[in-house]
2 protein chains.
Amino acid sequence: MKENLTQPIQDYLKHIYALSEAGTPATTTDLAARLGVAPASVTGMIQRLAGLQPPLVTYRKHQGALLTPAGKRAALEVIRHHRLLETYLVTMLGFSWDEVHEEACRLEHVISETFEERIASALGNPTHDPHGDPIPSAALEMPTDESTPLLGLRPPHSAVIMRVQATDPPFLRHLNNLGLIPGARVQALAFSPFDQNLQVRVNEGEAQIIGAAISAKIYVEEKG
Amino acid sequence: MKENLTQPIQDYLKHIYALSEAGTPATTTDLAARLGVAPASVTGMIQRLAGLQPPLVTYRKHQGALLTPAGKRAALEVIRHHRLLETYLVTMLGFSWDEVHEEACRLEHVISETFEERIASALGNPTHDPHGDPIPSAALEMPTDESTPLLGLRPPHSAVIMRVQATDPPFLRHLNNLGLIPGARVQALAFSPFDQNLQVRVNEGEAQIIGAAISAKIYVEEKG
DNA sequence: ACACTAATTTAGTCTAACCTAAATTATAAA
DNA sequence: TTTATAATTTAGGTTAGACTAAATTAGTGT
C-alpha cells in the first residue's frame, strides 16, 4: 500500500494517464514512442504493473492499458509534482518556459510531499502551470478546463490562449517569439480550409499566418 | 569525459571523498556502513570505478580507495549540489535544518547546472550551508576553514560555533533546543577530564553540561 | 614464527529494466 | 474469405547494482 514506485514506473503511469485520458486505452506503440523505449519493453512493464498488489493498470492482450484507481492516483501525484515544479522554476527561479520540462521530468520523481507543499504554498496553490496545463490539487483532483483548439477559431472571433501543449524547447521558443503564450489574445482574421492555415492578429500586433501543426496545439477560450 | 554518472556512483564518490579527506584511503567497511550496503558490494563497485575511462578511484587490494582528479571533481560537484540545496531549502522554502539532509540527498543527483547556478545566485553564492559545512565554489574549490572541535575549548575561553557535523534529524533538533547552532557563542566554564564533559554557557544563557559525543561534532572558532 | 580474528575479496545469484529477433494476432484491403 | 501489413507479444539475452556464502589476506598478540 505504501509504495515507493521507481522512476521508470512513474514515467509509465504518467504517459498511460496522458494517452488514456480520453477513455481509450494507451497502446503499446504509443507508449513506447513517448517513453523512448522498445514496444517489447512496454509489454513487459505493463504486465508487471498489472500484476502488482494492488494492480496499477488493467490490461488485456492487444487492447492496451488503462489505469486502476491506484495507478491513477500515482500518476496524478507525479503530474502534480511536474507541473508545480515547472511553475516554481519559471516564477521563482527565472527559468524560461522552454527550459523547465526537462528539469521537472528529473525532479518530479524525487521531491517529498513536504517539498511539494512548500512550493505549492509559495506559489499560492496555482491551478495551472506556465504552459496552461492544469495542476491536480493536493487531493489529486484535476481542474476541468473548457478550452478548445485555436485551430477551430473562425473569423471574426477572438479568444484568449489558455494552454500550449508542447514540450520541445525550440518549438516553445518559436511560439514565444510569435507571442503565442497563455494570456495572449488572438483574433481570427481568415481561415484557409485547404491547408488549414489560420490568419490571426496576436495582441493588437501584425497579422500573421499560423499552420495547423501549431494551431492544433494551442487551446483558447472565447471570452471578454 | 562527458560523464553521466548514476546516482549510486555519485553516492560512492561522495562518501569516498568524505572518508579520504584526511589523506588516508576510504576502507571497504567504512564505505559499506555509510552507504548502507554489504562490504562485498563496495568491493565490486570500487573495482568498477577504478576500471572506468577515466578511472574515478585508485585502488589496491586491501588498501582502500582514493579519488582520482576526475573522481574528486565529480564528488565535489555532488557535494556542491547537496550543500546549495540544503541552504536553499532552509532559507527560501522554510525547511528546518534537520529536514534538509534527506531531501538534498535525493535532489543532488538530478539538478542541472542551470538549476545549480540559479539557486546559488538566488542565495548570493554562499560559502557555507546551514550546518556550517563549506560549499565548493562553482570552480569546485573547497573553502578552507580554521574551526576546531568544541571538545577542545578550555575555560575561560569562548568561541563561536562554525559548524555542526551531523545529519540525524532527532540529534539536530536536540542541538537546536540547546542553542548549539552555527553563530552561537559558547563560553567554556569547566572541563571534566574523566568523562570529557564540558560545562558551557551558550549565548549568555544558563550553564549546561554537554558530553563528548556532542562536543566533538561541533566546530568552533575563537574570535572577538 | 604462529595462530587467531577481523577485514576484504571472490564466486555465484538475483532483480529491474532494458534490448533484439522471432512468433503471433489483429486489421483492413482485395 | 483470404491475405498482406502493422501491432503486439514471447523468448532469450544484457547490464547495473545489489545480495550471501565461502575463501583469502592482513594484523595482532603470544
Side-chain angles (χ1 to χ4, degrees), chain A residues 2-16 19-20 22 24-66 71 74-75 78 105-106 108-110, chain B residues 2-16 19-20 22 24-66 71 74-75 78 105-106 108-110:
Chain A
K2 280 274 133 283
E3 71 292 313
N4 270 13
L5 302 178
T6 63
Q7 188 251 71
I9 289 179
Q10 291 183 340
D11 279 336
Y12 274 88
L13 295 176
K14 187 173 66 165
H15 286 110
I16 294 171
L19 289 172
S20 65
T24 79
T27 69
T28 303
T29 341
D30 286 355
L31 271 173
R34 282 204 176 223
L35 291 161
V37 135
S41 308
V42 172
T43 302
M45 179 61 100
I46 283 179
Q47 290 173 346
R48 206 142 55 75
L49 296 180
L52 290 179
Q53 209 45 251
L56 299 176
V57 306
T58 58
Y59 163 73
R60 284 198 347 265
K61 285 190 188 179
H62 302 94
Q63 305 291 118
L66 284 172
V78 178
C105 273
R106 281 178 280 107
E108 65 190 6
H109 308 291
V110 302
Chain B
K2 276 282 134 286
E3 68 296 315
N4 269 11
L5 302 178
T6 63
Q7 187 251 71
I9 289 180
Q10 291 183 338
D11 280 336
Y12 274 89
L13 296 176
K14 189 174 64 166
H15 286 109
I16 294 171
L19 290 172
S20 66
T24 79
T27 69
T28 304
T29 343
D30 286 355
L31 271 173
R34 282 205 176 221
L35 291 161
V37 135
S41 308
V42 172
T43 301
M45 180 61 100
I46 283 179
Q47 291 174 345
R48 209 140 53 76
L49 296 181
L52 289 179
Q53 209 45 250
L56 300 176
V57 307
T58 58
Y59 163 72
R60 283 197 349 264
K61 287 190 188 180
H62 301 95
Q63 303 292 118
L66 284 172
V78 178
C105 274
R106 281 178 279 107
E108 65 190 7
H109 308 291
V110 303

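In the text below, chain A, chain B and the rest are named by the order of the sequence lines, each starting its count at 1. Just so you know, these numbers come straight off a predicted model, no measurement behind them.
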Just how far, in rounded Å, is [atom2] of [N] from [atom1] of [X]?
X	N	atom1	atom2	answer
Gln7(A)	dA16(C)	CD	C1'	12 Å
Ile9(A)	dA17(C)	CD1	C1'	10 Å
Gln63(B)	dA6(C)	CD	C1'	16 Å
Ile46(B)	dA7(C)	CD1	P	15 Å
His62(A)	dT10(D)	NE2	P	8 Å
Arg48(B)	dA16(D)	CZ	P	6 Å
Lys61(B)	dA23(D)	NZ	C1'	12 Å
Asp30(A)	dA6(D)	CG	P	16 Å

| task | Describe the nucleic acid contact of Val37(A) in one word from base, sugar-phosphate, nothing, applying a heavy-atom distance below 4.0 Å. | result | sugar-phosphate

| query | So what does Thr28(A) touch, heavy atoms closer than 4.0 Å: a base, only the sugar-phosphate, or nothing? | reply | sugar-phosphate

Does the side chain of [Y] come within less than 4.5 Å of [X]'s, by heavy atoms?
X	Y	result
Arg48(B)	Leu56(B)	no
Val78(A)	Asp11(A)	no
Val37(B)	Val42(B)	yes
Val110(A)	Gln7(A)	no

| field | Candidate list Leu66(B), Thr43(B), Leu49(B), test side-chain contact (heavy atoms from CB on, under 4.5 Å), partner Tyr59(B), passing option | value | Thr43(B)

The side chain of [X] is closest to which nucleotide in this list: [options]?
X	options	answer
Ser41(B)	dC19(D), dT10(C), dT20(C)	dC19(D)
Ala38(B)	dT10(C), dT20(C), dT20(D)	dT20(D)
Met45(A)	dC18(C), dA16(C), dA18(D)	dC18(C)
Ala40(B)	dT9(C), dT10(D), dA17(C)	dT9(C)

OP1 or OP2 of [N] sitting under 4.0 Å from any side-chain N/O of [X]?
X	N	value
Thr27(A)	dA7(D)	no
Thr43(A)	dT10(D)	no
Tyr12(A)	dC18(C)	yes

| query | If you pin Pro39(A) and Gly44(B) to their nearest nucleotides in DNA chain C, which one's is more 5'? | reply |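 Residue closer to the 5' terminus by nearest nucleotide: Gly44(B).
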
